[in-house]
Amino acid sequence: MEEKKQKASFMYSMKAVIWSFFGLRRKKDFDQDGAKLDPFHVIIAALIGVALFIGLLITIVKFAVSQ
C-alpha cells in the first residue's frame, strides 16, 4: 500500500521562504521541506517575498531622500 505524502499549505511555503530570506531554518524543518513543499507554492511565495522586500527598500529610500 502506497502512502500519500501530505503537501504543505501555501502559508507553510510562505513561512519557509521568509525564513530562508533570513538564512534561519532548523535542520528538522529543512528536512521536512523536501517532502512537503510544492515547488509551485515556493515559486509564488518567493516572488511575493521579493516584491515585498523591494517595495520596502523603495519606501525606505524615498523616506530617506525626502528628509
Side-chain angles (χ1 to χ4, degrees):
M1 201 162 138
E2 188 177 316
E3 288 185 37
K4 286 188 176 181
K5 292 181 182 179
Q6 184 180 6
K7 290 290 183 181
S9 67
F10 178 74
M11 290 308 293
Y12 182 86
S13 299
M14 192 70 188
K15 179 181 158 187
V17 168
I18 289 171
W19 280 115
S20 296
F21 280 167
F22 291 110
L24 301 173
R25 199 80 174 128
R26 291 185 305 200
K27 172 120 172 76
K28 177 183 153 192
D29 292 337
F30 182 74
D31 292 339
Q32 290 177 351
D33 289 348
K36 281 186 171 183
L37 290 178
D38 181 14
F40 181 72
H41 285 171
V42 173
I43 292 169
I44 298 301
L47 291 174
I48 290 170
V50 167
L52 290 173
F53 181 68
I54 291 172
L56 177 66
L57 289 177
I58 290 171
T59 302
I60 291 170
V61 168
K62 283 186 177 184
F63 180 74
V65 171
S66 69
Q67 296 279 326

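No experiment lies behind these values; they were computed from the predicted model shown.
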Item checked: Considering all heavy atoms, the nearest A45-V17 contact -> CB-CG2, 3.8 Å

Checklist line | Between OH on residue Y12 and CG on residue L37, distance to nearest 0.5 Å | finding: 6.0 Å

Checklist line | Cluster link F21 to V42, ILVMFWY, side chain under 4.5 Å | finding: yes

Check: When hydrophobic residues are tied together by side-chain contacts of less than 4.5 Å, even through go-betweens, does F40 share a cluster with I18?
Finding: yes

Item checked: Within one Ile-Leu-Val-Met-Phe-Trp-Tyr cluster: I60 and L52, side-chain cutoff 4.5 Å -> no

Margin query: Within a 6.0 Å radius of atom CZ on F53, are there more than 12 heavy atoms belonging to other residues, nucleotides or ligands?
Written below: no

Next item on the list: Taking all non-hydrogen atoms of both residues into account, name the closest pair between F10 and I48 and its distance.
Entry: CZ-CD1, 3.9 Å

Note to self: Let me confirm one number: the CE-OG distance from M14 to S9, rounded to the nearest 0.5 Å.
What the structure shows: 12.0 Å

